[in-house]
Each structure stands twice: as structure tokens, then as C-alpha cells.
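Below: one structure, written as C-alpha cells.
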Amino acid sequence: MNPTSAASPGLRLFDLLEVLVREGRPLTLAEAVTASGWPKPTVHRLLGQLEAGELLAREPDGRRYAVAPRLLRLSESALAGSTQQGVRHAVLRQLVADVGESCNLTALSGAEVVYLDRIESAFPLQFNLRPGTRVPIHCSASGKLLLAHLPAAQRNALLDGLPLARYTATTLDSREAMEAEFRRIRKDGYSVDAEEFVEGLVCVAVPVPAQHGGIPRCAVALQAPVARMSLAQAIERLPRLQAAAQALARTWGVG
């Protein structure tokens with residue numbers, strides 16, 4: 001492994017940790033040099049940094065470096081997170097099986113909505129909005145839903161910096177129309193995208209309950225081409241969407 005191939009010093013540290021963990025036993029400096037193939041001064045420096053950061057610790061003989069409790073705790077947390085992600089994915093998969101169309105889990109990220117997870121329907125016509133995809137905040141069901149529940153000052157600060165670009169004939173492009181939409185969302189408990197972002201695509205979103213009745217940070221949404229499901233038909237699936245949102249909240253220790 002070539003240490004210069006890493007993009008940053010932080011990644012080089014991570015590369016060395018991978019080498020040590022893969023060996024499965026405490027290593028001396030010489031053994032770490034052999035296992036990594038890196039120059040001795042480089043390995044010595046990186047081992048010192050990992051020890052200072054309490055990710056590695058010296059064995060009683062003072063020569064061998066072993067995984068430290070901090071790194072073990074990090075590993076355990078990562079495993080727990082991957083289990084939670086698997087449960088989340090299973091909830092969405094069952095939701096798609098029940099409603100028959102693609103569903104996703106989203107959150108606000110700056111002035112956009114980011115897809116945290118998504119399951120596509122089995123139909124050949126799909127929009128393929130993969131996890132990590134970002135969509136505008138003002139014309140997506142999830143974006144409007146999460147905006148509606150923000151404190152007014154925070155919501156206004158976000159919207160003040162955004163051009164309300166018009167994507168389709170039904171995009172809401174004025175603050176007055178947006179505020180009226182936010183009032184309806186808070187009253188009804190759900191949000192819709194009536195072909196506001198992509199012509200021919202409708203969406204319904206509900207909030208994932210937050211701890212102690214706090215501000216929702218995530219949303220569950222159903223998306224469908226109008227050729228297969230009208231907006232009215234999508235709204236009929238609200239009880240199932242809300243049940244999935246409750247199930248997701250329970251995986252995060254809410255409810």
C-alpha cells in the first residue's frame with residue numbers, strides 16, 4: 001500500500017489502522033512497516049499519532065501496538081449503526097410492497113433535501129433517485145414538509161437566500177403561496193408535490209416523529225408517476241406512510 005495514494009493525512013491514518021486490524025494481532029513498528037510496505041519514518045509517525053489519539057495503545061512490553069478501547073467503541077457504534085440502517089431499509093422495503101410505488105427517507109441538508117434511503121418500485125418506469133440525491137427544498141413534498149415545521153425565523157432565513165425557481169407550471173414560486181402551503185401542511189400533517197418539481201411525478205410526505213415532540217428532521221415519502229397513481233390515490237396511502245414513519249422513529253428510540 002502506498003501512503004502517497006491517500007487523499008489526506010487523515011486517510012493515511014485510516015489506511016494504517018486497516019492494516020493493523022487486518023493483521024489481527026498487536027504489531028511492532030517493524031511488523032507494521034512490513035505489513036504496510038511503507039517507509040519506517042512514515043509508519044513511526046502515524047503510529048505515534050494514533051497512539052496520541054487513543055486509537056492504539058502500547059502493549060505492556062512497550063514495543064507492540066494494539067487496538068485501544070476508543071477504537072473498539074467506535075467499531076461497536078459503527079456496527080450498531082449498520083444494523084439500524086438495515087432495519088430502516090427493511091421498513092422502507094415493506095412500505096413499497098404495501099403501497100406499490102417507490103418510497104424514500106429524506107432530511108434537510110443546508111438549503112436542499114437529501115435522500116438518506118430509497119426503495120424503488122418493481123415497475124419498469126422509475127426515476128432512479130438514489131440515496132445521496134439532492135432535490136430543491138421549495139418544490140419537493142419532503143422539503144416543504146420539513147420547512148413547515150421549522151421555527152419561522154429559521155425557515156425565513158433559509159428561504160430568504162433561495163430563488164424560488166419555477167420547475168413546472170405548478171411550482172410554488174412566491175413567498176405568499178409558500179406560507180399558505182406551510183399552514184396547510186401543519187394543519188393536515190402531510191405534504192404533497194403536485195408535479196411541482198418533475199412534470200408527471202407526484203409525491204406525498206409525512207414527518208418521522210422526533211424525540212419529545214421536537215421538530216421533525218426526517219420525512220418518509222411516496223413517489224409515483226401520475227400515469228400509474230394520481231395524487232388523490234397517493235394521499236389514500238397516508239395511513240401506511242404514517243405507520244412506516246412511526247416504525248422508523250422507534251428504530252431511533254422515539255415513540
Side-chain angles (χ1 to χ4, degrees), residues 95 99 101-118 125-210 213-242 244-245 248-249:
L95 177 60
V99 302
E101 289 292 348
S102 301
C103 296
N104 54 62
L105 175 67
T106 59
L108 291 185
S109 178
E112 297 176 301
V113 172
V114 62
Y115 284 61
L116 301 178
D117 206 348
R118 180 175 170 87
L125 176 57
Q126 299 177 350
F127 286 86
N128 289 319
L129 298 169
R130 301 179 183 279
T133 295
R134 293 173 179 267
V135 296
I137 199 171
H138 72 288
C139 57
S140 57
S142 294
K144 292 189 297 177
L145 178 84
L146 296 171
L147 276 174
H149 289 284
L150 288 178
Q154 188 177 351
R155 180 172 63 251
N156 289 332
L158 263 175
L159 291 174
D160 285 345
L162 285 180
L164 300 181
R166 194 171 180 84
Y167 288 87
T168 72
T170 55
T171 303
L172 302 180
D173 59 357
S174 74
R175 291 291 287 273
E176 293 77 15
M178 293 293 293
E179 287 300 330
E181 181 81 342
F182 296 147
R183 289 192 292 272
R184 186 203 63 74
I185 290 169
R186 289 191 292 268
K187 173 178 174 290
D188 295 343
Y190 69 91
S191 178
V192 301
D193 168 0
E195 302 183 64
E196 297 163 47
F197 178 42
V198 176
E199 190 171 347
L201 181 69
V202 294
C203 183
V204 177
V206 300
V208 176
I215 298 168
R217 300 297 182 185
C218 297
V220 176
L222 176 160
Q223 285 183 327
V226 291
R228 286 200 303 259
M229 181 181 288
S230 68
L231 182 56
Q233 289 172 322
I235 292 172
E236 290 174 0
R237 272 69 172 182
L238 270 173
R240 187 62 192 85
L241 282 171
Q242 290 162 339
L248 287 168

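Computed from a predicted model, the values in this text were never measured in an experiment.
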Nearest heavy-atom neighbours spanning [X] and [Y]:
X    : Y    : value
T171 : A165 : CG2-O, 3.3 Å
A234 : V204 : CB-CG2, 3.6 Å
L162 : L158 : CG-O, 3.5 Å
S142 : A221 : OG-CB, 3.8 Å
F197 : Y167 : O-CB, 3.5 Å
S191 : I185 : OG-CD1, 3.5 Å

Answer yes or no: is there a side-chain heavy-atom contact under 4.5 Å between [X] and [Y]?
X    : Y    : result
E101 : P225 : yes
D193 : V202 : no
P207 : L145 : yes
L116 : C218 : yes

side-chain contact (heavy atoms from CB on, under 4.5 Å) evaluation trace for L231 with I235: CA-CA 6 Å; L231 182 56; I235 292 172; 4.2 Å; yes

Any residue meeting side-chain contact (heavy atoms from CB on, under 4.5 Å) with R184, in chain and number order, not counting sequence neighbours: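 Partners of R184 under the side-chain contact (heavy atoms from CB on, under 4.5 Å) test: E181, D188, Y190, V192.
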
Counterpart residues, side-chain contact (heavy atoms from CB on, under 4.5 Å), relative to E179 (two or more places apart):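 By the side-chain contact (heavy atoms from CB on, under 4.5 Å) rule, E179 matches R155, N156, F182, R183.
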
Drop me the distance from [X]'s [atom1] to [Y]'s [atom2], to the nearest 0.5 angstrom.
X    : Y    : atom1 : atom2 : value
L146 : R217 : CG    : CZ    : 9.0 Å
L164 : L172 : CG    : CG    : 9.0 Å
C203 : M229 : SG    : CE    : 11.5 Å
L222 : R240 : CG    : CZ    : 11.0 Å
I215 : H149 : CD1   : NE2   : 10.0 Å
R118 : T106 : CZ    : OG1   : 10.5 Å

Full working for side-chain contact (heavy atoms from CB on, under 4.5 Å) between N104 and D117: CA-CA 6 Å; N104 54 62; D117 206 348; over 6 Å; no

Trace of the side-chain contact (heavy atoms from CB on, under 4.5 Å) decision for L105 with V208: CA-CA 9 Å; L105 175 67; V208 176; 4.0 Å; yes

Steps toward side-chain contact (heavy atoms from CB on, under 4.5 Å) verdict (D173, H138): CA-CA 8 Å; D173 59 357; H138 72 288; over 6 Å; no

Residues E196, K144: salt bridge by 4.0 Å N-O rule: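 Yes, charged N to carboxylate O under 4.0 Å.
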
Whether [X] side chain and [Y] backbone form a donor-acceptor pair below 3.5 Å:
X    : Y    : result
E195 : G200 : yes
Q233 : S230 : yes
T168 : T170 : yes

With sequence neighbours excluded, residues passing side-chain hydrogen bond (donor to acceptor under 3.5 Å, both in side chains) with R186: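 By the side-chain hydrogen bond (donor to acceptor under 3.5 Å, both in side chains) rule, R186 matches no residue at all.
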
